[in-house]
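Residues: numbered from 1 along the sequence shown. Counting convention: from 1, in listed order, for ligands and their atoms alike.
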Amino acid sequence: MGIKEEYSRAGARLLAHVDNGTTDWAPSVRRVPVDDYLNAERWEAEMEAIFRRQPLLLALGIELPENGSYKTMEIAGRPVLLSRGKDGQVRAFLNVCSHRQAIVMPEARGKASRFTCPYHGWTFNAEGKLIGLADRQKFGEVDTAELGLVALPCTEKAGMIFASLSPDAEFDLDTFLAGFLADMEWLGLENWYYHATNEIRGACWKVVTDGFLEGYHFATAHPETINANTKSNIMTFDFFGPHQRVGFARQNIQEMRGTPEDEMWRSEGVHFSFVRFVFPNVAFSLSRKGGGTWTQIIPGTTSGETVAYQHIIFPKAPQTDAEREECQRVTDFYREVVTTEDFELGFRIQKGLESGAYKDMVFGRNEWGNQHHHASIDGYVVEPEPVRKRA
Ligand code: FES
């Protein structure tokens, strides 16, 4: 089935759900142990089996627009440096100096044709080779060819940059994406405009991801913002391996009535919308028509904390001051809504989890996306393959 057909079918399902007072349904209610959110060993197992081993969506290509552009971040205790080389290719490295292990590039992003370590000044090029060893004659004999930055498996596809945090991890992106790539290709992200990033602190990473995967909470948690445009608790779910596309009916979806079903794909971003979730931690809330956010949910250093990078992107760059002001207004709006209406609620959920009041979270049949996410996590964590270490 092509993308247009998939989207048309989702649109038709959403319209039917509005008419019938229904939503897509999981086969049953699912309980997830509270311990799965709180237990430090479980959390470490998730970091090891998922975040340190599976391909992670670390950036969009438009964040590294020129040769020499770079971006850094830390995930699951691994500092990462993404760099677009002279040849235009993006490479990923552990952002750790081969001398005495200082972080080489502490800034979050920028442009540099070479990376100089702030401790003793060793310098690496954009391909990760050690090209300058300060006061070399006094240092003694070393083979600089062996002292480059540690490279990580990395691929740029459909405007997205994926990397694994384990240098020797198997990296088969097509298999991992399980057919979801066509959806992302449809967006054409390589030609979008990157505007800004909001950094927002949150609770446990799974509390945060839970909030992206259902619209059950729109009426009560977002009555004047999201629910003003989008109906609450009417959803479609399409799954691609551990990834998923969640459809939501806009309040104006009745305007779509009478559209031939095979033309309904044109209403995406107008009469219905999607959250596209790339496992384990990235949610796109946007359409080709109006832009929006893509959010990276990065677990903190314990099971109870997260930092989310909410990136604001648009299909086209603003051309006028008024358009630039609008981009900034949208940026501030998304930060405000997610901070005050989602993440603050998340901190209170965290308190509830830690209170010991209940043994399980209960996910309804209407919260199928959440159920699927937790089942996917279990699929990696329960009896994971042994982690492959560097030789
Ligand atoms: S730790 Fe980087 S140059 Fe010494």
Side-chain angles (χ1 to χ4, degrees), residues 43-44 47-48 51-61 63-156 161-169 171 194 197 199 201 281 296 298-302 305-307 309 311 387-391:
W43 181 81
E44 179 55 30
M47 296 304 106
E48 195 64 23
F51 282 87
R52 297 190 192 119
R53 295 187 66 207
Q54 305 306 319
L56 297 176
L57 175 45
L58 295 186
L60 295 188
E63 290 180 85
L64 287 76
E66 301 169 52
N67 297 353
S69 298
Y70 72 89
K71 174 183 177 181
T72 70
M73 55 199 315
E74 184 178 327
I75 310 180
R78 305 255 164 108
V80 181
L81 168 63
L82 300 172
S83 156
R84 193 178 292 283
K86 280 191 292 216
D87 54 1
Q89 186 185 331
V90 175
R91 295 174 178 82
F93 306 99
L94 291 175
N95 187 15
V96 180
C97 179
S98 54
H99 175 216
R100 279 171 47 202
Q101 325 282 297
I103 300 299
V104 178
M105 298 300 281
E107 300 82 13
R109 59 182 76 231
K111 193 162 178 218
S113 57
R114 52 187 57 192
F115 307 119
T116 300
C117 177
Y119 199 178
H120 309 91
W122 285 24
T123 298
F124 306 85
N125 68 13
E127 287 74 46
K129 291 199 173 74
L130 177 61
I131 55 171
L133 198 161
D135 252 350
R136 183 167 186 172
Q137 68 281 10
K138 294 182 188 167
F139 193 81
E141 276 308 304
V142 285
D143 181 359
T144 54
E146 290 180 358
L147 290 170
L149 296 175
V150 175
L152 301 171
C154 180
T155 300
E156 184 171 15
I161 298 166
F162 288 86
S164 168
L165 304 186
S166 292
D168 297 332
F171 193 81
Y194 163 72
T197 298
E199 185 176 327
R201 301 275 152 183
N281 67 330
Q296 294 175 283
I298 311 294
T301 52
T302 71
E305 57 181 6
T306 294
V307 59
Y309 297 110
H311 308 283
V387 177
R388 297 177 60 189
K389 303 282 187 197
R390 286 185 70 215

For residues 79-97, tabulate all N or O donor-acceptor pairs below 3.5 Å that involve a side-chain atom, not counting sequence neighbours.
from  : atom 1 : to     : atom 2 : distance (Å)
Ser83 : OG     : Ala126 : O      : 3.3
Arg84 : NE     : Leu64  : O      : 2.5
Arg84 : NH1    : Gly88  : O      : 2.8
Arg84 : NH1    : Glu156 : OE1    : 3.0
Arg84 : NH2    : Gly61  : O      : 3.3
Arg84 : NH2    : Leu64  : O      : 3.1
Arg84 : NH2    : Glu156 : OE2    : 3.0
Asp87 : OD1    : Gln89  : N      : 3.1
Asp87 : OD1    : Arg91  : NH1    : 3.3
Asp87 : OD2    : Arg91  : NH2    : 2.7
Asn95 : OD1    : Val104 : N      : 3.4
Asn95 : OD1    : Met105 : N      : 3.0
Asn95 : ND2    : Met105 : O      : 2.9

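- For His120 and Phe139, the distance between ring centers is not under 6.0 angstrom.
- Looking at every heavy atom in both residues, Ser164 comes nearest to Phe171 through N-CE1, 3.6 Å.
- Across Ala76 and Phe51, no two heavy atoms sit closer than the pair CB-CB, 3.9 Å.
- Between Cys154 and Ile161, the shortest heavy-atom contact is SG-CG2, 3.8 Å.
- For atom 4 (Fe) of ligand 1, the neighbouring protein N/O/S atoms at less than 2.8 Å, given as residue and atom, are His99 ND1, His120 ND1.
- Across all non-hydrogen atoms, the minimal contact from Leu58 to Gln296 is O-NE2, 3.0 Å.
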